[in-house]
Amino acid sequence: MSKRDKFTSKIGIIAAVAGSAIGLGNIWRFPYITGKYGGASFLIVYLICIMLVGLPVMLSEFIIGRHTGKNTVGAFKELAPGRPWFLSGWLGLFASVITLGFYSVVAGWGVKYIIMSLFNNFSGKDISNLGIAFDDFVTSGLDPVFWQLLFILFTGAIVVLGVKNGIEKFSKILMPIFFILLCILVVNAFTLEGAKEGLAFLFKPDFNQLTMEAIFVALGHSFFTLSLGMGTMITYGSYISKEEDLTKTALQVIVADTGVAILAGVAIFPAVFTFGIDPGEGAGLAFVTLPAIFTNIPFGYILSILFFFLLTIAALTSAISMLEVPVAFLEEETKLSRNQGTLLICLAAGIFGLLCSLSNGAVNITVMGQSLMSFAEYLSSNILLPFVGLLTAIFVGWALQKRVIASELKLKQESTAYNVFMGILKFITPIAIIFVFLYSIGVISF
Ligand code: PHE
């Protein structure tokens, strides 16, 4: 591909940015953490984080990326020459490799579940057998490693093909199909015995349940699910043409991403209560519940194949966007070619992911008392992404020239919209993140 490809159409931008945002974060992670951290009250905090933190940070990343047309490190270097802001870009690069590593493990589970669906492996199994099958698989060592590496290989192949050919084409056609399939599962959920209980769990808040840890996780997830704090939206922003309306793009993507997460919740929680699973079951929640749903509905065989296939594609478009961050950096800032850069990062993330996968049970690899896999997820989502997001918000809010921001947002500096945006970005966003951080490490308490 040419060095500085641009997205060719409006729908292409939305598809690629939404393709990045919508992924395992929505279908796998959102339901499992919502289940773990109390349901509706968690959901509400998450939605607040999306609006007050996610949206401003997404716009900030877009502004940095589109204005400079550069990769995440190069962009900071251009906007703040001689100052250390580029280190934020470096942290994002680090986050991208870590995240791609553990993300590919879960995506590999998705690939395995396509195969299991094809061979009709779920049929006749009840919920406890499905749970055992999942545990046996993820702890079995080489089997999940194989699928994880296969997934990384796929991701690398598509990134080598370049922005236009790879990313746009894939996202545009398949994501709408995925959406329809999710709607079918939602309709089905309403017919289940546990529908009422499941929906109440998801939508009727009990704030007594809300812990500070839940708020910390909700904040982290708002970064993870919107692909923020890594430089993804800086990098993708650099491919967006000057005519596009960044605010509109961001809003559309956020609505789509949040919508898909909630749909996934509505599809899953009624089933959770119908089959008597613990909503706080953990990382296996979707992988146990969804097969149980498919074995109980008409055309379940076909639907399960389709679902896990499309889930894997959704994961692929997200993984592509993670890989694109360091690859664009290596291509533009070092002597490596695009292909060499891709190979290098795929190797690093592949090996790290392999260790994460093994740490699920086959080999004892722990960091700070948890498996490497959980640690990687924790480090990425709860620490690195919010921290880089914080730096990004401070950078755009306090260091970047007003002229640049106003022109990228196509707003006048005197306008209310501009001032509201800057007010949130300068004060509310950073203070919220800092507050949650300080509380979580125990510096402040009530
Ligand atoms: N947003 C993606 C998801 O929800 C994950 C992701 C995180 C992608 C960070 C890119 C960067 O699955």
Side-chain angles (χ1 to χ4, degrees), residues 15-34 46 49-50 53-55 57-58 61-62 65 71-72 89 91-110 151-152 155 158-159 167 171 175 178 182 217-237 239 250 253-265 283 286 310-329 345 349 353 376-389 392:
V17 177
S20 167
I22 299 171
L24 295 170
N26 306 63
I27 310 289
W28 159 72
R29 197 163 191 268
F30 171 76
Y32 110 66
I33 56 177
T34 303
Y46 163 74
C49 292
I50 293 279
V53 179
L55 175 61
V57 172
M58 183 180 277
E61 290 202 16
F62 278 164
N71 66 86
T72 177
L91 262 183
L93 294 178
F94 176 63
S96 73
V97 178
I98 302 277
T99 312
L100 186 56
F102 85 80
Y103 201 84
S104 65
V105 176
V106 183
W109 300 348
F151 179 83
I152 287 262
T155 311
I158 295 170
V159 169
I167 302 168
S171 327
M175 283 308 105
F178 190 47
L182 208 52
V217 173
L219 177 73
H221 189 67
S222 68
F223 283 91
F224 186 83
T225 193
L226 296 179
S227 309
L228 302 173
M230 190 182 279
T232 305
M233 295 305 170
I234 295 182
T235 309
Y236 273 21
Y239 304 135
V253 168
I254 286 178
V255 168
D257 185 80
T258 310
V260 170
I262 292 178
L263 286 180
L310 293 171
L311 176 64
T312 305
I313 298 295
L316 199 57
T317 54
S318 301
I320 290 166
S321 73
M322 283 179 216
L323 181 56
E324 183 67 24
V325 176
V327 168
F329 162 76
I345 301 298
E377 191 188 333
Y378 180 91
L379 179 67
S380 156
S381 183
N382 296 353
I383 311 286
L384 289 173
L385 304 188
F387 186 65
V388 174
T392 308

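For ligands, and for the atoms within them, numbers begin at 1 and follow the listed sequence.
Contact annotation: Trp28 has no heavy atom less than 4.0 Å from any atom of ligand 1.
For a threshold of 3.5 Å applied to N or O pairs, the pair formed by Leu226 and ligand 1 contains no separation below that value. Any N or O atom pair closer than 3.5 Å counts here, and Thr232 shares no such pair with ligand 1. Residue Ser321 has no N or O atom closer than 3.5 Å to an N or O atom of ligand 1. Backbone and side-chain nitrogen or oxygen atoms of Tyr103 are examined, and one is located within less than 3.5 angstrom of a nitrogen or oxygen of ligand 1. In terms of polar-atom proximity, Ser20 is counted as a contact of ligand 1, with an N or O under 3.5 Å from an N or O of the ligand. For ligand 1, the polar-atom distance check against Gly25 finds a nitrogen or oxygen pair separated by under 3.5 Å. For ligand 1, the polar-atom distance check finds an N/O of Ala21 within less than 3.5 Å of one of the ligand's N/O atoms.
The protein non-hydrogen atom at the shortest distance from atom 8 (C) of ligand 1 is Ser227 OG, 3.2 Å. Closest to atom 1 (N) of ligand 1, if we only count protein heavy atoms, is Phe224 O, 2.7 Å.
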Are Ile50 and Thr225 close enough, and set up right, to give a side chain to side chain contact (heavy atoms under 4.5 Å, CB included), and what steps lead you there? CA-CA 9 Å; Ile50 293 279; Thr225 193; 4.0 Å; yes
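In this structure, the side chains of Leu24 and Leu311 come closer than 4.5 Å at one or more pairs of heavy atoms. Leu226 has its side chain out of reach of Leu55: every pair of non-hydrogen atoms, C-beta onward, lies at least 4.5 Å apart.
Between Ser227 and Ser20, the side chains place a donor N or O and an acceptor N or O closer than 3.5 Å (distance only, hydrogens not considered).
Atom CD of Glu61 and atom CE of Met230 lie 9.5 Å apart (nearest 0.5 Å). Going from atom CZ of Phe30 over to atom CG of Leu263 covers 10.0 Å, rounded to the nearest 0.5 Å. For the atom pair Thr72 OG1 and Met233 CE, the distance stands at 12.5 Å (nearest 0.5 Å).
Using a 4.0 Å cut-off between heavy atoms, Phe223 makes no contact with ligand 1 at all.
The aromatic rings of Tyr103 and Phe224 are tilted relative to each other, their planes meeting at an angle between 30° and 60°.
Ligand-side atoms of ligand 1 in range of Gly23: 3 (C), 4 (O), 12 (O), range being under 4.0 angstrom from any heavy atom. Atom numbering of ligand 1 starts at 1 in the shown order; those under 4.0 Å from a heavy atom of Met230 are 9 (C), 11 (C). For ligand 1, the atoms sitting less than 4.0 Å from at least one non-hydrogen atom of Asn26 are 4 (O), numbered in the order shown with element in parentheses.
In terms of modelled atom types and a separation under 3.5 Å, the side chain of Asn26 and the main chain of Gly23 share a donor-acceptor contact.
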